[in-house]
Amino acid sequence: MAVSIEQARRDRPTPDVAPAPTSGKGMSLKFEIQPAANPTSEKDRAARLADPGFGRVFTDHMAIVRYDQAKGWHGARVEARANFPLDPALAVLHYAQEIFEGLKAYKRDDGGVNLFRPDANAKRFQSSADRMAMAPLPEAVFIEAVEQLVRIDRAWIPGGEGSLYLRPFMIASEVFLGVKPSAEYIFAVIASPVGSYFKGGPAPVSIWVSENYTRAAIGGTGAVKCGGNYAASLRAQAEAIEHGCDQVVFLDAVERRYVEELGGMNVFFVFDDGSLLTPPLGTILPGITRDSIITLAKDAGMPVREEAYTIEQWRADAASGKLKEAFACGTAAVISPIGKVCSASGDFLISGGAAGPVAMGMRKKLVDIQYGRAPDPHDWIKKVF
Ligand code: PLP
Ligand code: COI
């Protein structure tokens, strides 16, 4: 029997509205600090820090804050990293109401520790929460959670070109199978010491142009950092690997021509007149590295255009020599030159497959600011120590 829309509305278990904000931008919480009873020994930590790779080694603690509609954000703690008890009906397990962020802590030569633009991550986390109908976390709580975790796990920050990758995330934690915004959330931050995202450091990467799969459409979730975007990118990334490439690059979902971004990175093009081009915001993630590069390039007098660029033009400009370099950028990967582009319609090289001077120069400029080796004219650095 057909059910009318009115009937379906009446039967709906609870209203499908986003949780009302319980706090403004500036609200903060006091974190209770409970150090781990059995932290990793110095010897074991040194062994794990010797070659951490990306995302497999974790520190001893996590920060955690809970939300429910009655109490708002509450129970802020830093405690031993541990499993979450997961009820099988937890909303996130069924409908993927989940968002995350990625930022790094860098050890300076004087022994201090820098965070890079954590306020920008906190703001993006709020817009992700808004798009996913989740409770907005006050920026001050986001930043305090990150700082408290860095403080307690300071010994895990690798020296040299390594860093401590911080992964704030939020999950829908209501035990309920109705399709509606969860009434409860868990926000947590975990930390992972990292070396290079790509094995072998910033060597040029090869990328596969995805013609079978798209990442995001207008009105979708491409501009926010929700886990579902990454789940949906995995098949395309697997196709890239099957074709011998390191990463996938997506085209727009309407005309299937305009270059958007990689699975986890934004993209830049460098031309023979010294200008840069990067795809415009809308369906791509507004990368903090992307924004920083635009600013640094403009500081250096390089014109930057945020304009649509087709895969056909990319191929033609690489062939004519008009395109000098292309590179990908993001927190995890920093800046990676793109050496080769592969697709069903053929492959082409960029700057002969070698790392170009603009990508490598920009990389140095950026990491020198992050590690406190260069002045910070835009106030991007937040010193934790
Ligand atoms: N695009 C996607 C899809 C990403 O996952 C990331 C990584 O966070 C980026 C771009 C780069 O963003 P950011 O520079 O803020 O790390
Ligand atoms: C990042 O660069 O922080 C990312 O989130 C990319 C990827 C690891 C998901």
Side-chain angles (χ1 to χ4, degrees), residues 52-58 98-106 115-128 131 142 146 163-170 189-199 202 205 207 210 213-217 220-234 236-237 240 246-253 259-268 278-297 306 326-336 338 359 362-363 365-367 369-370 378 380:
F54 181 84
R56 290 202 186 276
V57 175
F58 297 97
E98 189 269 356
I99 57 172
F100 68 96
E101 270 303 326
L103 69 163
K104 285 174 170 171
Y106 306 85
L115 288 170
F116 184 69
R117 306 188 69 179
D119 52 327
N121 293 93
K123 283 194 178 76
R124 190 169 64 187
F125 200 66
Q126 285 203 334
S127 60
S128 295
R131 177 62 184 83
F142 180 103
V146 165
S163 55
L164 187 65
Y165 184 77
L166 296 148
R167 171 53 64 85
F169 63 102
M170 194 203 304
V189 190
I190 53 172
S192 171
V194 297
S196 176
Y197 184 63
F198 293 113
K199 287 192 201 113
V205 293
I207 59 172
S210 178
Y213 304 101
T214 59
R215 182 183 168 273
T221 59
V224 303
K225 221 162 156 56
C226 61
N229 287 347
Y230 298 80
S233 76
L234 297 177
Q237 174 64 23
D246 301 304
Q247 293 284 317
V248 63
V249 64
F250 290 99
L251 303 177
D252 75 287
V259 179
E260 296 231 304
E261 63 179 323
L262 277 62
M265 279 171 273
N266 294 117
V267 62
F268 277 84
T278 191
L281 298 182
T283 50
I284 62 171
L285 192 79
I288 294 159
T289 318
R290 175 188 178 279
D291 181 74
S292 308
I293 290 169
I294 292 174
T295 305
L296 292 177
E306 294 179 64
F327 61 85
C329 65
T331 298
V334 194
I335 289 181
S336 292
I338 298 172
M362 196 54 85
R363 188 179 207 282
K365 243 185 200 159
L366 188 62
V367 299
I369 296 174
Q370 290 168 334
H378 300 285
W380 285 338

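Both backbone and side-chain heavy atoms feed into the values below; hydrogens, waters and symmetry mates do not. As the structure lists them, so they are numbered: ligands from 1, and atoms in each ligand from 1. For clarity, every value in this text was computed on a predicted model and none was experimentally measured.
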Just to verify, what does N229 make a side chain to side chain contact (heavy atoms under 4.5 Å, CB included) with, not counting sequence neighbours?
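N229 satisfies side chain to side chain contact (heavy atoms under 4.5 Å, CB included) with R215, T221, C226 once adjacent residues are dropped.
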Out of all atoms in ligand 2, which are within 4.0 Å of some heavy atom of [X]? Include the element for each.
| X | result |
| --- | --- |
| G102 | 3 (O) |
| T331 | 2 (O), 3 (O) |
| A332 | 1 (C), 2 (O), 3 (O) |
| Y165 | 1 (C), 3 (O), 4 (C), 5 (O) |
| Y230 | 9 (C) |
| F100 | 5 (O) |

With no hydrogens and no angle check, is any side-chain donor or acceptor of E260 less than 3.5 Å from a backbone partner on I284?
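Checking the backbone N and O of I284 against the side chain of E260, no donor-acceptor pair under 3.5 Å is found.
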Using modelled atom types and a 3.5 Å cut-off, is there a donor and acceptor pairing between side-chain atoms of R56 and backbone atoms of S192?
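Not a single qualifying donor-acceptor pair exists.
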For each nitrogen or oxygen atom of ligand 1, which protein N/O atoms lie closer than 3.5 Å, and how far apart are they, rounded to 0.1 Å?
residue  : atom   : partner : partner atom : Å
ligand 1 : 1 (N)  : E261    : OE1          : 2.5
ligand 1 : 5 (O)  : K225    : NZ           : 3.2
ligand 1 : 5 (O)  : Y230    : OH           : 2.5
ligand 1 : 8 (O)  : K225    : NZ           : 2.7
ligand 1 : 14 (O) : I288    : N            : 3.3
ligand 1 : 14 (O) : T289    : N            : 2.8
ligand 1 : 14 (O) : T289    : OG1          : 2.5
ligand 1 : 15 (O) : R124    : NH1          : 2.8
ligand 1 : 15 (O) : R124    : NH2          : 3.1
ligand 1 : 15 (O) : I288    : N            : 2.8
ligand 1 : 16 (O) : T331    : N            : 2.9
ligand 1 : 16 (O) : T331    : OG1          : 2.6

Taking salt bridge (charged side-chain N to carboxylate O under 4.0 Å, His left out) as the criterion, tell me which of R124, K123, R117 meets it with D291.
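Answer to the salt bridge (charged side-chain N to carboxylate O under 4.0 Å, His left out) test with D291 among R124, K123, R117: R117.
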Measuring from atom OG1 of T289 to atom CG of L103, what distance do you get when rounded to the nearest 0.5 angstrom?
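Those atoms lie 10.5 Å apart.
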Close side-chain approach of V194 to S163, heavy-atom, < 4.5 Å:
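Yes - at least one pair of side-chain heavy atoms lies under 4.5 Å apart.
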Should K225 and N121 count as side-chain neighbours, where that means a heavy-atom distance under 4.5 Å?
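No, too far: nothing below the 4.5 Å cut-off.
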Backbone, side chain, both or neither: what part of K225 comes under 4.0 angstrom of ligand 2, heavy atoms only?
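Side chain only.
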For ligand 2, the portion of R167 having any non-hydrogen atom under 4.0 Å away:
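The side chain, only.
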State which residue, out of I293, I288, I294, fulfils the side-chain contact (heavy atoms from CB on, under 4.5 Å) condition with R290.
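Testing R290 for a side-chain contact (heavy atoms from CB on, under 4.5 Å) against I293, I288, I294 leaves exactly one candidate, I294.
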Can you say whether the rings of W380 and F116 are parallel (under 30°), tilted (30 to 60°) or perpendicular (over 60°)?
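Rings of W380 and F116: perpendicular, as their planes differ by over 60°.
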Give yes or no for whether the N/O distance cutoff of 3.5 Å, strictly under, is met between G264 and ligand 2.
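No: no nitrogen or oxygen of G264 is under 3.5 Å from one in ligand 2.
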